[in-house]
Structure formats: structure tokens, C-alpha cells
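Quick caveat, the model's predicted, so the values are computed rather than measured.
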Amino acid sequence: PSAFLAALVTSIGGPLSEIPFVAAGFWHYLPEAKDYFPLEGLQGSIRAATESLLGDESINIGLSSITGPCYFAVTMDAIALGRWFDKDKDV
């Protein structure tokens with residue numbers, strides 16, 4: 001069930017869904033690959049809520065900009081496979 005939940009959240013949120021996983025230490029990017037910092041512009045109560053949920057250093061979490069096109073490609077593959085399996089009634 002937890003793997004399904006993680007997959008569901010990631011499929012909807014795309015690269016931004018990686019932020020909680022990076023904050024929790026489940027995975028990381030090489031420092032040279034970090035070129036997108038989506039939380040650094042947060043201010044006020046939204047910033048405070050984000051820091052309380054993800055930790056004080058969450059504002060500095062960096063992602064790689066290459067992940068966006070990768071999510072797009074995987075989504076297109078999943079759609080194509082779904083259509084292919086729908087056509088083939090033997091599968």
C-alpha cells in the first residue's frame with residue numbers, strides 16, 4: 001500500500017513530489033546536478049509550514065531540471081502501454 005501511495009503522489013506531482021523524499025533522505029542528487037530550487041522563494045506562513053513539515057533545510061532542497069522531461073517520457077510510455085494492453089484482449 002505505501003508503494004502505491006508513493007507512486008500515486010509522484011504521478012500527480014511530477015518532479016515536485018520528490019521534495020519530501022529528498023528531505024527525508026530516501027534519495028538525493030549529486031551536488032553538481034542540483035540546478036532547480038523550487039522552495040527557495042517561499043515566504044511567510046507558507047515557508048514556516050514547509051519548514052515544519054520537511055525540516056529547516058527544506059528550503060535549500062535542489063532538484064535536477066532533467067527530471068521534468070523524464071516524467072513526461074515515462075507518462076507517455078505508460079499511456080502507450082495502457083492503450084496497447086487495452087487493444088490486446090489476450091493479455
Under a 4.5 Å cut-off applied to non-hydrogen side-chain atoms, are [X] and [Y] in contact?
X     : Y     : result
Ile61 : Phe37 : no
Thr67 : Glu18 : yes
Ser58 : Ile19 : no
Asn60 : Glu40 : no

Original post:
How would you list, by chain and number, every residue that makes a side-chain contact (heavy atoms from CB on, under 4.5 Å) with Ile79, sequence neighbours excluded?
Top reply: Thr75, Met76, Arg83

Linking I/L/V/M/F/W/Y whenever any side-chain heavy atoms sit under 4.5 Å apart, do [X] and [Y] land together?
X     : Y     : value
Leu39 : Ile46 : yes
Phe26 : Tyr29 : yes
Leu63 : Leu53 : yes

Subject >> Closest non-hydrogen atom pair, Leu16 against Tyr36 >> reply: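 Minimum heavy-atom contact is CD2-OH, 3.9 Å.
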
Original post:
Do other residues, nucleotides or ligands put more than 12 heavy atoms under 6.0 Å from the CZ atom of Phe72?
Top reply: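 Not more than 12 within 6.0 Å, no.
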
